[in-house]
A.B. asks: 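Have a look at the structure that comes next, please.
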Amino acid sequence: MTMRLTDTSPKCPNLGVNFIQHCTKLSGKHKIYELRTYTSHPKDFKEFLKLTEENFHLRTKHSKLIGYWTSEIGGLNEVVHIWEYDSYIHRTSVRQNLASDPEWLSAYISKAAPAWMKQDNVSMSLFPWSQINTPHKMGVYELQEFNMIGYIKDWEEPLKVFVDLSVDCFQNASSSLIGAWEVQFGPQNTVFVLWQHQSFDKMKEGKKLLLQETNEQILRSFYTLVGSAHCKALLSHKVSPLQ
């Protein structure tokens with residue numbers, strides 16, 4: 001779990017306590033988010049998406065879905081979804097309820113699971129300077145992943161400056177920031193940033209503004225702290241609240 005060096009809360013005292021309960025106490029009232037990525041067998045992907053369209057309401061009745069997308073570029077035969085929970089205890093309760101929901105298991109899981117080649121997930125928290133923004137128009141999405149170098153106190157401010165600059169540049173290209181998260185459980189020192197764009201061609205205009213010479217110092221200060229980066233072009237599935 002990524003820990004802020006300015007956090008004065010006590011460290012996890014020992015492995016004998018319930019670790020999830022302890023970390024929930026540390027997180028206080030802040031919500032947690034789970035990013036899930038499923039890769040399907042190519043031959044099954046179309047039917048898997050159809051099944052999701054028909055029966056995914058059985059999942060969303062249990063907890064809040066932020067968004068559900070298919071990867072257009074940056075991942076093949078892949079879906080990406082983000083869930084919101086009040087705490088880790090809340091997530092545990094939801095997972096237990098799902099495991100004992102016969103309709104969910106029979107009408108969705110039993111049919112979808114054979115299609116999956118791989119499942120992956122991380123838990124995340126929003127940065128203190130970020131919040132979930134819901135766009136009012138339909139668009140396409142970009143999920144950026146940055147694997148940062150060093151301590152969070154060294155890279156969080158350069159990250160914020162980079163994101164703020166990107167917001168200014170992308171706004172001129174009709175794009176908007178959805179949220180910025182740090183990973184808690186999963187690859188450490190990892191950041192996810194989600195954007196909505198009017199179109200991928202329009203996104204290129206925002207990138208061009210971002211890469212102007214006047215922004216070079218900010219970009220250099222940020223990218224010297226990035227170990228690796230990856231982004232995906234995402235399209236909203238019909239079940240997604242974010243369209």
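This structure is a prediction, so every number in the text was calculated from the model and none was measured.
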A.B. asks: Between CD of Gln144 and CH2 of Trp195, what distance do you get to the nearest 0.5 Å?
C.D. replies: 6.5 Å
A.B. asks: If I take atom CG from residue Leu209 and atom SG from residue Cys169, how far apart are they, to the nearest 0.5 angstrom?
C.D. replies: 5.5 Å
A.B. asks: Examine distances only and state if a side-chain atom of Ser71 and a backbone atom of Gly74 form a donor-acceptor pair shorter than 3.5 Å.
C.D. replies: no
A.B. asks: Indicate yes or no for a side-chain donor-acceptor contact from Ser106 to the backbone of Pro102 under 3.5 Å, with no hydrogens or angles considered.
C.D. replies: yes
A.B. asks: Do any pairs count as a salt bridge (charged side-chain N to carboxylate O under 4.0 Å, His left out) and have a residue in residues 87-104, sequence neighbours left out, and if so which ones?
C.D. replies: Glu34-Arg91, Lys61-Asp101
A.B. asks: Measure the CG-NZ distance between Asp86 and Lys31 for me, rounded to the nearest 0.5 Å.
C.D. replies: 4.0 Å
A.B. asks: With distance as the sole criterion, is a donor-acceptor pair present between the side chains of Gln184 and Tyr88 under 3.5 Å?
C.D. replies: yes
A.B. asks: Would you say Phe127 and Val191 make side-chain contact, with heavy atoms under 4.5 Å?
C.D. replies: yes
A.B. asks: Can you tell me how far the CG atom of Leu49 sits from the CD atom of Glu47, to the nearest 0.5 Å?
C.D. replies: 9.5 Å
A.B. asks: Would one find more than 12 heavy atoms of other residues, nucleotides or ligands at under 6.0 Å from atom CD of Gln119?
C.D. replies: yes
A.B. asks: Do the ring planes of Phe170 and His197 sit parallel (below 30°), tilted (30 to 60°) or perpendicular (above 60°)?
C.D. replies: perpendicular
A.B. asks: Taking all non-hydrogen atoms of both residues, which atom of Gln243 and which atom of Tyr141 are closest, and how far apart?
C.D. replies: O-OH, 2.7 Å
A.B. asks: Just by modelled atom types, is the Phe185 backbone N or O under 3.5 Å from a matching donor or acceptor in the Ser123 side chain?
C.D. replies: yes
A.B. asks: Please identify each residue that fulfils side chain to side chain donor-acceptor pair (under 3.5 Å) with Thr52, with sequence neighbours left out.
C.D. replies: Tyr108
A.B. asks: Determine, stepwise, if the pair His30 / Leu126 fulfils side-chain contact (heavy atoms from CB on, under 4.5 Å).
C.D. replies: CA-CA 8 Å; His30 299 295; Leu126 284 166; over 6 Å; no
A.B. asks: Partners of Lys111 by salt bridge (charged side-chain N to carboxylate O under 4.0 Å, His left out), sequence neighbours excluded?
C.D. replies: none
A.B. asks: Shared ILVMFWY cluster between Val122 and Ile66, side chains joined below 4.5 angstrom?
C.D. replies: yes
A.B. asks: List the steps and the verdict of salt bridge (charged side-chain N to carboxylate O under 4.0 Å, His left out) for Glu156 and Lys160.
C.D. replies: CA-CA 6 Å; Glu156 184 179 1; Lys160 181 180 183 301; over 6 Å; no
A.B. asks: Minimum heavy-atom separation for Leu165 and Leu219, please, with both atom names.
C.D. replies: CD2-CD2, 4.4 Å
A.B. asks: Just verifying a value: how many Å separate Thr134 OG1 and Gln196 CD, rounded to the nearest 0.5 Å?
C.D. replies: 10.0 Å
A.B. asks: Examine distances only and state if a side-chain atom of Thr190 and a backbone atom of Gly186 form a donor-acceptor pair shorter than 3.5 Å.
C.D. replies: no
A.B. asks: Are Val193 and Val161 linked, directly or through intermediate hydrophobic residues, by side-chain heavy-atom contacts shorter than 4.5 Å (ILVMFWY only)?
C.D. replies: yes
A.B. asks: Treating Asn147 as the side-chain partner and His230 as the backbone partner, does any N or O pair qualify as donor plus acceptor under 3.5 Å?
C.D. replies: no
A.B. asks: Once you round to the nearest 0.5 Å, how far does CH2 of Trp155 lie from CG of Leu225?
C.D. replies: 9.5 Å
A.B. asks: Is there any salt bridge (charged side-chain N to carboxylate O under 4.0 Å, His left out) pair reaching into residues 67-79, and which pairs are they, with sequence neighbours excluded?
C.D. replies: Glu78-Lys232
A.B. asks: Only pairs at least two apart or in different chains count here, so list each salt bridge (charged side-chain N to carboxylate O under 4.0 Å, His left out) that has a residue in residues 128-152.
C.D. replies: Glu142-Lys207
A.B. asks: Would you check if the side chain of Gln171 reaches a backbone N or O of Asp168 as a donor-acceptor pair within less than 3.5 Å?
C.D. replies: no
A.B. asks: Which pair of heavy atoms, one from Gly67 and one from Ser240, lies closest together, and at what distance?
C.D. replies: CA-OG, 3.4 Å
A.B. asks: Taking Ala107's backbone N and O only, do any of them form a donor-acceptor pair with Asn55's side chain (distance below 3.5 Å, no angle check)?
C.D. replies: yes
A.B. asks: Please lay out, stage by stage, how His81 and Tyr38 fare under the test side-chain contact (heavy atoms from CB on, under 4.5 Å).
C.D. replies: CA-CA 9 Å; His81 32 127; Tyr38 295 176; 3.7 Å; yes
A.B. asks: Are Ile109 and Val94 grouped together when hydrophobic residues (ILVMFWY) are joined by side-chain heavy atoms under 4.5 angstrom apart?
C.D. replies: yes
A.B. asks: Same cluster or not: are Val167 and Tyr223 linked, directly or through other Ile, Leu, Val, Met, Phe, Trp or Tyr residues, by side-chain heavy atoms under 4.5 angstrom apart?
C.D. replies: yes
A.B. asks: Side chains of Leu177 and Val163: does their closest heavy-atom pair fall under 4.5 Å?
C.D. replies: yes
A.B. asks: Do other residues, nucleotides or ligands put more than 12 heavy atoms under 6.0 Å from the CG atom of Leu211?
C.D. replies: yes
A.B. asks: Kindly write out the residues that satisfy side chain to side chain donor-acceptor pair (under 3.5 Å) with Ser63, not counting sequence neighbours, or none if the list is empty.
C.D. replies: Arg59
A.B. asks: Give a yes or no answer on whether the side chain of Ser175 reaches the backbone of Met203 with a donor-acceptor pair at less than 3.5 Å.
C.D. replies: no
A.B. asks: Assess, by modelled atom type and distance only, whether the side chains of Asp120 and Thr37 contain a donor and an acceptor separated by less than 3.5 Å.
C.D. replies: no
A.B. asks: side-chain contact (heavy atoms from CB on, under 4.5 Å) between Phe146 and Phe192: does it pass, once the steps are laid out?
C.D. replies: CA-CA 7 Å; Phe146 299 105; Phe192 286 97; over 6 Å; no
A.B. asks: Applying the 4.5 Å side-chain criterion to the ILVMFWY set and letting contacts propagate, would Ile73 and Leu235 be lumped into a single cluster?
C.D. replies: no
A.B. asks: How far apart are the closest heavy atoms of Ser176 and Pro135, and which atoms are they?
C.D. replies: OG-CB, 4.2 Å
A.B. asks: List the steps and the verdict of side-chain contact (heavy atoms from CB on, under 4.5 Å) for Trp129 and Leu159.
C.D. replies: CA-CA 11 Å; Trp129 39 267; Leu159 168 68; 4.0 Å; yes
A.B. asks: Nearest heavy-atom pair of Leu65 and Ile82: which atoms, and what distance?
C.D. replies: CD1-O, 3.5 Å
A.B. asks: Please check if the side chain of Asn77 supplies one atom and the backbone of His41 the other of a donor-acceptor pair under 3.5 Å.
C.D. replies: no
A.B. asks: Between Asn97 and His62, what is the shortest heavy-atom contact and its length?
C.D. replies: CB-ND1, 3.8 Å
A.B. asks: Do the side chain of Ser40 and the main chain of Ala115 share a donor and acceptor less than 3.5 angstrom apart?
C.D. replies: yes
